[in-house]
Amino acid sequence: DQQVKQNSPSLSVQEGRISILNCDYTNSMFDYFLWYKKYPAEGPTFLISISSIKDKNEDGRFTVFLNKSAKHLSLHIVPSQPGDSAVYFCAASRMPSHALNFGKGTSLLVTP
Amino acid sequence: KAGVTQTPRYLIKTRGQQVTLSCSPISGHRSVSWYQQTPGQGLQFLFEYFSETQRNKGNFPGRFSGRQFSNSRSEMNVSTLELGDSALYLCASSQDRASGNTIYFGEGSWLTVV
């Protein structure tokens with residue numbers, strides 16, 4: 001069963017605006033969450049992560065928010081740039097394993 | 001420092017054959033995990049190794065196996081290949097959990113089974 005869900009297969013945003021990518025999970029035992037960016041035929045590139053003891057983490061243009069009660073996290077990209085166009089994957093893991101449960105991904109298109 | 005290195009990058013095999021894929025983790029990383037990506041199933045966890053021991057295994061048949069060597073390098077093997085095994089196989093490495101949990105991926109090995 002899919003324990004991590006990204007319900008929006010695609011998202012289109014104008015350059016300079018905010019991109020918000022959402023992710024839901026069902027397993028309350030997950031304690032670490034990561035976002036990856038991926039281009040076709042390449043490996044995922046790590047973007048940002050958040051531990052379950054936090055509700056927000058920022059790194060440059062990327063901010064991840066975690067709502068444990070709702071089992072929901074989101075990735076905000078501000079401002080969005082055309083180079084951000086890629087597929088974004090949400091992933092979750094449970095201590096002490098490093099095994100990641102991935103969502104199906106959201107394809108982000110940033111238009112000039 | 002060098003990233004996660006996977007070899008070979010591309011390969012074509014025939015049904016019934018076996019294949020071995022190799023992964024060299026980032027220097028100092030002791031945890032190596034493997035994933036399969038297909039259009040239909042997305043990214044799925046295969047197995048995880050830490051200090052030469054398999055720590056976790058995903059829901060894949062026994063035809064999929066792996067191992068980790070004392071230098072943390074890892075290999076995965078798929079025996080009796082089926083058409084459905086065609087996929088991008090990704091290796092990821094990370095330090096021990098106590099040192100942080102950022103998990104870095106290699107470029108992947110594209111396997112086509114004909």
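Below, chain A is the first sequence line, B the second, and so on; all start at residue 1.
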Handout entry: Selection from Gly108(B), Cys91(B), Ser31(B) maximising heavy-atom pairs under 4.5 Å formed with chain A
Key = Ser31(B)
Completion exercise
Interatomic distance, OH@Tyr39(A) vs CD@Glu107(B), rounded to 0.5 Å, equals 12.0 Å
Problem - Segment of Gln44(B) engaging chain A (4.5 angstrom heavy-atom cut-off) - result: neither
Practice task
Check the hydrophobic clustering (I, L, V, M, F, W, Y; side-chain heavy atoms under 4.5 Å; chains of links allowed) and say if Leu21(A) and Phe62(A) are grouped together.
Solution key: yes
Completion exercise
Value for CG (Leu43(B)) from NZ (Lys104(A)), rounded to nearest 0.5 Å, stands at 9.5 Å
Handout entry: Atom CZ of Arg63(B) with >12 non-hydrogen neighbours under 6.0 angstrom
Key = yes
Practice task
Establish whether Ile20(A) and Phe89(A) are linked, either directly or via other cluster members, by ILVMFWY side-chain heavy-atom contacts under 4.5 Å.
Solution key: no
Exercise for the section: Can you run down the salt bridge (Lys or Arg N to Asp or Glu O under 4.0 Å) pairs that involve residues 39-57 of chain A, sequence neighbours left out, and say none if there aren't any? Expected result: Lys56(A)-Glu58(A)
Handout entry: Contact origin within Phe47(B) toward chain A - heavy atom pairs under 4.5 Å
Key = neither
Problem - Co-membership, hydrophobic cluster, residues Val4(A) and Leu66(A), 4.5 Å side-chain - result: yes
Fill in the blank from the handout: Separation between CG (Leu47(A)) and OG1 (Thr102(B)), nearest 0.5 Å, reads 11.5 Å
Handout entry: Ile53(A)-Tyr25(A) co-clustered via ILVMFWY side chain contacts under 4.5 Å
Key = no
Exercise for the section: Identify whether Tyr32(A) and Ile48(A) are in the same connected component of the hydrophobic contact network (ILVMFWY, side-chain heavy atoms under 4.5 Å). Expected result: no
Problem - Minimum heavy-atom distance between Pro44(A) and Leu90(B), given as atom pair plus value - result: CD-CD1, 3.8 Å
Exercise for the section: Report the distance from atom CD1 of Ile103(B) to atom CG of Leu100(A), rounding to the nearest 0.5 Å. Expected result: 4.0 Å
Problem - Validation row, ring centre Phe102(A) to ring centre Phe45(B) under 6.0 Å - result: no
Problem - Nearest-0.5 Å distance that lies between atom CD in Gln2(A) and atom CD in Gln41(B) - result: 8.5 Å
